Amino acid sequence: MNNQRRTVLKSGSGAALLGMLAAAGIITPGMALANWNKAAFDAKSMADTLKALGAGAPADSKDVQVTGPDIAENGAVVPVGVATSLPNVSMVAILVEKNPNALAATFTLPADTEANVQTRIKMGQTSNIYALVKSGDKFFMATKEIKVTLGGCGG
Amino acid sequence: MGNPMKIRAANKDGVTEVKVLVSHEMETGQRKDAAGAVVPAWFITELVAKHGDKTVLSAEFGPSVSKNPYLAFKFKGGAKGEKVTVSWKDNKGDSRTDEAAIG
Amino acid sequence: MVQRMLKSVVGIALACAFGGPAIAQDSKVADELAKYREALADGNPADLLEAKGEGLWAEKRGPKKASLEQCDMGLGPGKLEGAYAQLPRYFKDTGKVMDVESRLVHCMVTLQGFTQAEVTRQWFSKPGTESDIEALVTFIGAKSNGMKINVPATHPEEAKMAKMGEYIFYRRSGPQDFSCSICHGQEGKRIRLQELGNLTTKDGAGFAMKTWPSYRVSQGAVWTMQRRLIDCMRQARWPEPNYLADSIIALETYLQKTATGTVMETPGIKR
Amino acid sequence: MNLKFALFGALSLALTTPAVAQKSVEAPGGKYAKDAEQMFRASFRADNPKYWMTRLDQDETMKTCQQYRDNPPRPIGQKLEKLNAATIRYPVDGKLIGDWKEGEKLAAVGTGGHIGFIQPDPPGRVRGGNCYACHELAKKEVAYGTIGPSLHHFGKIRGNSDEIIKYAYDKIYNSNAFTACTNMPRFGLHSWLTPEQITHIVAFLMDPESPVNKD
């Protein structure tokens, strides 16, 4: 506790202290969190996930890119991203076809935020990764296979 | 309440790039411990980034986001010295807020 | 005998003949792997631990309510810049060759008043359980980032430890006939897709040693050199040496001596 | 030195790496070897189960290989090869080719047999051959190691004569029967794999239907 506080304070940020207070329940965090989309994250299959996201059957688009390596050295950390040149993008999502629950993350993008987001996800095995993009009121999708390899001594 | 995040924000040609590293276990709820018991799910569900008072990104995570989550994105605007604030909340109700100055 | 040899010559020739497409495929795999590693490098979770370690170093803790700021890692009390790169080394006050972890534990016991058992109980992290040692070692290691490894092992006790480390490096036993050298004694080999490095050369040992401590994405944790070497022995299907055992410090001395002159790049991030 | 011996010497020089200056190479640890062995042995918990600790014992092959840094002088190597060849045992039914599908599974498994307190294998976990850690085999598996030679198209290249089949079996059972101090484990000698499991891996290498011999 103390050491965390020290580190935070050393970085000289008042808002970090705010964070401490927020975490301690003294004040509420200064953010308006949306309701976590349980139905979408609990869905198993791609189709059910898309339905829960209200995306129906999105069209494939060449203007959407899944960024990431073809090969992951380990499935626990796979760097992936979504980028698109489509206009008026308000939401992007990353889905992993063969994970127990397909949906990994969704991002809501205000008007001034670029439609180019990167994160790191877990993959249980080699799978197709899908990038879902909402442009205007339409959904578009792109896919890429990422191979998850076994590594090291094997155990 | 977790450890501090590491937030980097840099403005170039009117666009601010934000990179966030969060300290969090991101337990899937599918792993078993040494005794064979399922370890309960414990993961960040929501994360919000703000530039001043303005939300620049809100994200929802499932448990398949990697341990110690990483996030990078860009928004138009932002000037040197202005603050970017990132807050998260997990499925156990824990939360945390940290901030960094745009460099 | 000769016939068998000839047979394997033919085998090698054939393998070479079939080597063409394999090399093309291999280089594509290597490119994508490089892309993967590059994507990880920007945003190393070890940085989070380094910050935590910095806090722990300065915090007054333990029965004596003391910080570690007077800890002598070999360059004098509180002098951390470059200390990691010059360990293990002989310490007069204990009459022993110590590595970064044994010295750190020594300081936590003598300066802060913890017992050895208290300090080492969580010498490595598990999911949901953090390790102060990992954080502190990450912080101390980072203070040598960009500096040259320098363990000449000129003190007789250091020289002896390096020699004993060499002995352990070549020692074969267990149900797989393993030693360190069978995987780490040749140039240009890899296990699965991971480059192994020849730890008997400066380049090989340097390549291996310069990035530790390192965040291991497969483990979701920073591994210290003690953890790294103890796990090598687990993978050899041997029993685990005790944490801070002299045989581990001996191996470290041997490897750091061999790597001497290599510039540190720590904390690292790897598979 | 007769001609045959000289020819053999030349060949082994060409094939193996520096077989020359062994006499000048000091045994690892030098004058501290004894101390080092003692120190190593003292590094383990006193309450470790006895069978764990037997894994630290060295047979003659291990000891000799360590002494010569895995590169023994030829006469000593030959002696070890003879010694190891004598250990090879065969399945009771005499069949050396099993089921390649089983062999394919074993080739990919790298777990099993881990002991200790930090991350032991659960009891009863199958020990694999972990062939891919060191060898290229089926083309579709890109994550293969290069410590050993590529075995891609093993059967396709060599044909499936009884001699080759026996060679493959023997090599897996006790690699040191062919090359003293090789990096390859002696899977049969240590009962790491059963004779039956070895026949499955032989099938994986030899069977025309095995992915090793396709693509």
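Given the structure is predicted, the values throughout are model-derived calculations rather than measurements. Lettering follows sequence order; numbering is per chain, from 1.
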Checklist entry - Between the side chain of C:Q226 and the main-chain N/O of C:E101, is any donor-acceptor distance below 3.5 Å? => result no
Item to check | C:Q194 portion near chain D, given a 4.5 angstrom heavy-atom threshold | outcome: neither
Item to check | Which portion of C:L196 sits near chain D, non-hydrogen atoms under 4.5 angstrom | outcome: side chain
Checklist entry - In terms of the angle between their ring planes, are C:H155 and C:Y90 parallel, tilted or perpendicular, with boundaries placed at 30° and 60°? => result parallel
Checklist entry - What do you reckon, D:C65 and D:C181 SGs under 2.5 Å? => result yes
Checklist outcome for this item: Most heavy-atom pairs under 4.5 Å with chain D, out of C:I191, C:L244, C:N242, C:D246, belong to C:N242
Checklist outcome for this item: The interface call for D:T111 against chain C, heavy-atom contacts under 4.5 Å, is backbone
Item to check | Under 4.5 Å from any heavy atom of chain D - which part of C:F178 | outcome: side chain
Next on the checklist: What part of D:F117 gets within 4.5 angstrom of chain C, counting heavy atoms only: side chain, backbone, both, or neither?
Outcome noted: both
Checklist entry - What part of C:I230 is in contact with chain D, defined as an atom under 4.5 angstrom from a non-hydrogen atom: side chain, backbone, both or neither? => result side chain
Checklist entry - Would C:T260 and C:K202 count as having a side-chain donor-acceptor pair, cut-off 3.5 Å? => result no
Checklist entry - Contact part of D:T182 toward chain C, heavy-atom cut-off under 4.5 Å: side chain, backbone, both or neither? => result backbone
Item to check | Most contacts with chain D, counted as non-hydrogen pairs under 4.5 angstrom, among C:M233, C:Q186, C:R171 | outcome: C:R171
Checklist entry - Can you find a side-chain donor-acceptor pair between C:E130 and C:S125 that sits under 3.5 Å? => result no
Item to check | C:K96 atom NZ: more than 12 heavy-atom contacts under 6.0 Å | outcome: no
Item to check | Residue D:Q119 versus chain C: region with a heavy atom under 4.5 Å | outcome: both
Checklist entry - Of all of D:N130, D:T61, D:N183, D:D35, which one pairs up most often with chain C through heavy atoms under 4.5 Å apart? => result D:N183
Item to check | When D:N48, D:D70, D:L151 are compared by non-hydrogen pairs under 4.5 Å with chain C, the top option | outcome: D:D70
Item to check | Contact origin within C:F169 toward chain D - heavy atom pairs under 4.5 Å | outcome: neither
Item to check | Distance flag, aromatic centroids of C:Y167 and C:Y254, threshold under 6.0 Å | outcome: no
Next on the checklist: Do C:Q176 and D:H190 pair up side chain to side chain, a donor and an acceptor below 3.5 Å, judged on atom types alone?
Outcome noted: no
Next on the checklist: Once rounded to the nearest 0.5 Å, what's the spacing between atom CZ of C:R271 and atom OG of C:S214?
Outcome noted: 12.0 Å
Item to check | Option in C:E166, C:K189, C:R190, C:Q235 with maximal non-hydrogen atom pairs under 4.5 Å from chain D | outcome: C:R190
Next on the checklist: Looking only at heavy atoms and a cut-off of under 4.5 Å, which of C:G188, C:A250, C:P175, C:G185 has the most pairs with chain D?
Outcome noted: C:P175
Checklist entry - Taking every heavy-atom pair that is under 4.5 Å apart, which of D:R45, D:R127, D:R69 has the most such pairs with chain C? => result D:R69
Item to check | Residue, of D:M62, D:H114, D:M39, that accumulates the most heavy atom pairs under 4.5 Å with chain C | outcome: D:H114
Next on the checklist: Taking CZ in C:F207 as the centre, count heavy atoms belonging to other residues, nucleotides or ligands within less than 6.0 Å. Is the count above 12?
Outcome noted: no
Next on the checklist: Distance alone, cut at 3.5 Å: any donor-acceptor contact between the side chains of D:T54 and D:D57?
Outcome noted: no
Item to check | Heavy-atom proximity to chain C below 4.5 Å, by part of D:W192 | outcome: side chain
